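Here's the structure we're looking at; comments come further down.
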There are 2 protein chains.
Amino acid sequence: MSNVQLIMTCSNLRKHPRSLNVGPNKMVNALNDEPDLRQVLRDAGLRVTPQRASIITILSETDDHPNVEELYEKVRALDDTISVATVYRTMSVLENVGLVRKLVLDDAPARYEMMPPTNHDHLVDLESGELVEIPGTDIADVMNRVASELGYEIVSHHTVIRARKR
Amino acid sequence: MSNVQLIMTCSNLRKHPRSLNVGPNKMVNALNDEPDLRQVLRDAGLRVTPQRASIITILSETDDHPNVEELYEKVRALDDTISVATVYRTMSVLENVGLVRKLVLDDAPARYEMMPPTNHDHLVDLESGELVEIPGTDIADVMNRVASELGYEIVSHHTVIRARKR
DNA sequence: TGACATTTGCGAATAATTCGCATTAACAGA
DNA sequence: TCTGTTAATGCGAATTATTCGCAAATGTCA
């Protein structure tokens with residue numbers, strides 16, 4: 001009996017500036033390549049610091065969903081003076097601004113991903129801890145309807161499905 | 001701009017023994033009234049302790065979704081020697097056995113509720129911290145299809161919707 | 001370039017939850 | 001009903017993720 005957690009998330013709150021096409025081995029600064037991202041920060045009255053740039057760069061290059069500790073280790077390759085507290089603070093800032101999405105899992109530190117330009121969901125295998133992206137579903141439609149009936153406009157949603165292999 | 005978290009959960013994993021019809025002011029022991037519940041524990045090779053009985057009693061009488069601290073305070077009325085650790089341990093046990101559901105919220109301690117006999121979802125108002133139940137939706141159908149395509153059988157699911165008043 | 005509010009780094013502080021362990025007690029079998 | 005086995009409890013200490021306070025550093029805008 002294998003235990004699995006299916007995590008589905010979608011977001012339609014704001015237009016994603018532009019998807020980052022940074023090659024996996026190009027250690028470039030995402031914010032330098034993406035003036036749009038700089039502007040997102042500035043528009044929110046926030047400063048574009050090298051720490052924030054490094055974090056976004058790393059996050060843009062990863063296709064998994066790192067937690068703060070993993071992020072911190074990777075970012076240190078770009079900036080070996082950055083502190084964990086800054087990573088925490090930055091993730092919070094980026095989340096508020098809408099550049100990253102926070103995935104709150106049970107019994108594990110929060111994970112993060114860049115805001116995806118396309119809706120997609122997630123599947124977490126609890127045994128391996130692996131978090132896999134799966135194609136988006138039309139769950140969003142149902143949710144939109146439900147939220148709409150309550151007078152709300154969905155900003156984002158996050159579904160956790162616990163399932164058993166059949 | 002009011003911020004709201006809509007939490008939707010459903011469960012279809014196992015037949016709920018029987019819904020508890022304990023009156024709001026009847027300070028009775030739920031496990032004594034509900035031999036089914038005792039059996040659920042025994043079937044899992046677990047012992048029916050007074051602590052577990054008290055916790056289930058309190059949880060059955062509440063229509064909100066208490067966290068461990070709130071639960072602990074209320075349970076102390078029935079058993080003033082119970083410890084917080086026991087409440088934590090018991091909630092974990094009851095969750096594994098399928099008697100309660102754990103609601104993991106962001107930036108707040110986990111909340112719990114008795115496994116509902118009928119599907120229902122939740123709405124959390126972040127400002128007030130209030131967690132309101134809303135009628136179940138057919139999201140479950142969509143999820144079942146998605147999970148089914150992946151070869152999984154849904155045990156439970158948990159959706160968090162962040163929405164903004166329109 | 002200079003003023004100044006933001007942001008950072010550091011380490012200490014919090015908060016939720018778990019753990020270790022000696023003691024207690026549930027319950028299956030005699 | 002009594003008893004032995006073994007799970008469960010209570011206590012407080014330990015862990016873990018995250019936040020906070022504050023002085024020093026640094027983006028940003030005039």
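This is a predicted model, so every value here is computed, not measured. Here is how names work: the chains are called A, B, and so on, in the same order as the sequence lines, proteins then strands, and each is numbered from 1.
Rounded to an integer number of Å, the gap from NZ of B/Lys102 to C1' of C/dT18 is 11 Å. The distance between atom CD of B/Glu70 and atom P of C/dT17, rounded to the nearest whole Å, is 12 Å. The distance between atom CD1 of A/Ile55 and atom P of C/dT8, rounded to the nearest whole Å, is 8 Å. Between A/Arg38 atom CZ and D/dG27 atom C1' the separation is 11 Å, expressed in whole Å. Taking atom CG of A/Asp106 as the reference point, atom P of D/dT16 lies 17 Å away to the nearest angstrom. A/Arg76 places its CZ atom 14 Å from the C1' atom of C/dC10, with the value rounded to the nearest Å. Distance A/Asp43 CG to D/dC29 C1': 15 Å, rounded to the nearest Å. The separation between A/Arg42 atom CZ and C/dA5 atom C1' is 16 Å, rounded to whole Å.
Neither OP1 nor OP2 of D/dT19 sits under 4.0 Å from any side-chain N or O of A/Ser92. Contact check, A/Tyr88 against D/dT19: no side-chain N or O comes under 4.0 Å of OP1 or OP2.
Note: A/Met91 CE to A/Leu71 CG = 5.0 Å, rounded to the nearest 0.5 Å.
For B/Glu70 (side chain) and B/Asn67 (main-chain N/O), a donor-acceptor pair under 3.5 Å exists by modelled atom type. The main-chain N or O of A/Thr90 is never found under 3.5 Å from a side-chain atom of A/Arg52 such that the two would form a donor-acceptor pair.
Counting heavy-atom neighbours within 6.0 Å of A/Glu69 CD, excluding the residue itself, gives a total of 12 or less.
Out of C/dT17, C/dG9, D/dG12, the shortest distance to the side chain of A/Asp79 is found at C/dG9. Each of D/dT28, D/dC20, D/dT18 was ranked by its minimum atom distance to the side chain of A/Pro109; first place goes to D/dT18.
Taking each heavy atom of A/Leu59 and A/Glu113 in turn, the nearest pair found is CD2-C, 4.2 Å.
Under the 3.5 Å distance criterion, with hydrogens and angles disregarded, a donor-acceptor pair is assigned to the side chains of A/Asp79 and A/Thr81.
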Per-nucleotide protein contact along nucleotides 1-8 of chain D, 5' to 3', at a 4.0 Å heavy-atom cut-off (B base, S sugar-phosphate only, - neither), is -----BBS

Margin query: One pair to check against side chain to side chain contact (heavy atoms under 4.5 Å, CB included): B/Met114 and B/Ile56. What are the steps and the verdict?
Written below: CA-CA 8 Å; B/Met114 291 293 292; B/Ile56 294 187; 4.2 Å; yes

